[in-house]
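Since the structure comes first, as structure tokens, the remarks are kept for the end.
None of the values given here were measured: they were computed from a predicted structure.
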Amino acid sequence: MRIARFSIDGNVAFGAVEGDKPDELVLDIIKGIPFADFQLSGTKVPLSKVRLLPPVLPNKVVAYGRNYADHAKELGNEVPDVPFAFFKPSTSVIGPGDDIQYPSFSADVHHEAELAVVIGRMCREVPRERVKDVIFGYTCANDITARDVQKREKQWARAKGFDTSCPLGPWVETGLDLETASDLTIQLTVNGEQRQLGRTSEMIHPIEDLIVNISEAMTLLPGDVILTGTPAGVGPLTVGDEVAVTIEGIGTLTNKVVKRG
């Protein structure tokens, strides 16, 4: 099931996305919230009539760096022996169609296509064999990075945590099992030109290891998001660019880069 969060007539709701053709998709409005038992209302609205929002509002976004060997190599970094985590604040999250605002303090902003894992239940110290039980679903993410700031400041709070640096969407796909999600095509285009292409099977540390790693340290809450790393091919964005992340079996997340006003 594809679960979207959307706004219509000033109201915010969740809905199940139905249909196969992009111009014929409809939303069946959900009664309640998707992280608990819910029912479909039977009230349907065309997707074209709503504004899609970030599919979840995470308490925290935990991101993993250098989790694809070719990406680590292209930036001249060593491959970490253990998962390497950092945070993006909730204020960095935007949805499909929202603008990525080019920060005034950077002159070298890069795209990074990533598979995002959405947590479905409160959990801590998750054993590897139970990881599948705490996953709600998967969505597309773009870990927008001020590369010059990242290099200059050594730590990544400003470089990866600025407003609009975490596009998520277009919805959460709940129908993928862990094995399938661990071998999906992930690609990114800028203005229609392919920049990144890889498979989630190329991760150094798989999804299970990432969730075990972070849940050893802290409690994960429903709606929290885990970014799993980016394949090679990262590169600069400029004002006016349209950047799209597409992940097999999930969908496409598209955003435009604008000057920060």
Side-chain angles (χ1 to χ4, degrees), residues 60-89 92-93 100-117 140-168 182-214 217 225-247 253 255 257 260:
K60 52 187 169 293
V61 177
V62 182
Y64 282 89
R66 303 170 187 171
N67 200 28
Y68 287 73
D70 287 346
H71 169 58
K73 182 179 179 181
E74 73 181 344
L75 295 182
N77 295 316
E78 294 183 357
V79 174
D81 294 331
V82 297
F84 180 76
F86 59 94
F87 292 99
K88 294 173 81 77
S92 69
V93 173
I100 298 166
Q101 297 180 14
Y102 204 109
S104 58
F105 56 85
S106 173
D108 189 25
V109 170
H110 283 204
H111 55 75
E112 295 191 7
E114 308 206 8
L115 174 71
V117 181
C140 304
N142 199 341
D143 177 19
I144 304 297
T145 302
R147 193 72 70 200
D148 49 352
V149 178
Q150 182 186 26
K151 293 176 180 178
R152 183 171 66 245
E153 297 186 355
K154 305 303 179 185
Q155 58 80 37
W156 300 355
R158 296 201 323 144
K160 286 179 172 285
F162 59 89
D163 291 353
T164 75
S165 67
C166 190
L168 296 174
S182 298
D183 189 21
L184 300 174
T185 300
I186 178 170
Q187 60 181 318
L188 179 143
T189 63
V190 177
N191 303 323
E193 177 186 349
Q194 184 174 286
R195 296 278 187 86
Q196 292 184 264
L197 178 63
R199 298 193 69 82
T200 57
S201 56
E202 298 167 359
M203 291 181 195
I204 299 165
H205 305 289
I207 295 167
E208 298 97 317
D209 290 355
L210 303 183
I211 293 179
V212 168
N213 174 267
I214 196 61
V225 171
I226 312 295
L227 303 189
T228 58
T230 192
V234 302
L237 293 168
T238 60
V239 172
D241 284 344
E242 183 176 85
V243 56
V245 177
T246 300
I247 301 180
L253 167 67
N255 301 91
V257 183
R260 189 171 186 174

For residues 73-85, run the donor-acceptor check on the side chains, cut-off 3.5 Å, and write out each pair with its distance to 0.1 Å, sequence neighbours left out.
from, atom 1, to, atom 2, distance (Å)
Glu74, OE1, Gly233, N, 2.9
Glu74, OE2, His71, ND1, 2.8
Glu74, OE2, Gly233, N, 3.2
Glu74, OE2, Val234, N, 3.4

Minimum-distance pair of heavy atoms, taken over all atoms of Pro103 and Val109: CD-CG2, 3.7 Å

Side-chain donor or acceptor of Asp148 paired with backbone N/O of Ser106 under 3.5 Å: no

Nearest atoms (heavy-atom pairs only) where Pro236 meets Asp108: CB-OD1, 4.0 Å

Listed partners of Asp163 passing side-chain contact (heavy atoms from CB on, under 4.5 Å), at least two apart: Thr91, Arg260

Non-neighbouring partners of Arg158 that pass side chain to side chain donor-acceptor pair (under 3.5 Å), sequence neighbours left out: Glu153

Counterpart residues, side-chain contact (heavy atoms from CB on, under 4.5 Å), relative to Pro231 (two or more places apart): Tyr68, Ile186, Gln196

For Ile204 against Pro206, the heavy-atom pair lying closest together: O-CD, 3.7 Å

Reported CZ-to-OG1 distance for the pair Arg66 and Thr230, which is rounded to 0.5 angstrom: 13.5 Å

Test item: Thr145 and Trp156 side chains (from C-beta on) under 4.5 Å apart, heavy atoms: no

Partners meeting salt bridge (charged side-chain N to carboxylate O under 4.0 Å, His left out) with Asp241 (sequence neighbours left out): none

Minimum heavy-atom distance between Asn67 and Thr228, given as atom pair plus value: ND2-O, 2.9 Å

Test salt bridge (charged side-chain N to carboxylate O under 4.0 Å, His left out) applied to Asp183 - qualifying residues, sequence neighbours left out: Arg199

Sequence neighbours excluded, every pair satisfying salt bridge (charged side-chain N to carboxylate O under 4.0 Å, His left out) that has a member inside residues 204-214: Arg128-Asp209

Close side-chain approach of Asn255 and Asn142, heavy atoms under 4.5 Å: no

For Tyr102, ring-ring contact (aromatic ring centres under 6.0 Å, His included) partners two or more places apart: none

With sequence neighbours excluded, residues passing side chain to side chain donor-acceptor pair (under 3.5 Å) with Ser104: none

Identified side chain to side chain contact (heavy atoms under 4.5 Å, CB included) counterpart of Glu114 within the set Leu227, Ile247, Thr200: Leu227

Residues forming a side chain to side chain donor-acceptor pair (under 3.5 Å) with Asp143, sequence neighbours excluded: Lys88, Lys160

With Gln150 via side chain to side chain donor-acceptor pair (under 3.5 Å) - residues at least two apart: Arg147

Side chain to side chain, Val149 and Phe162, heavy atoms closer than 4.5 Å: no

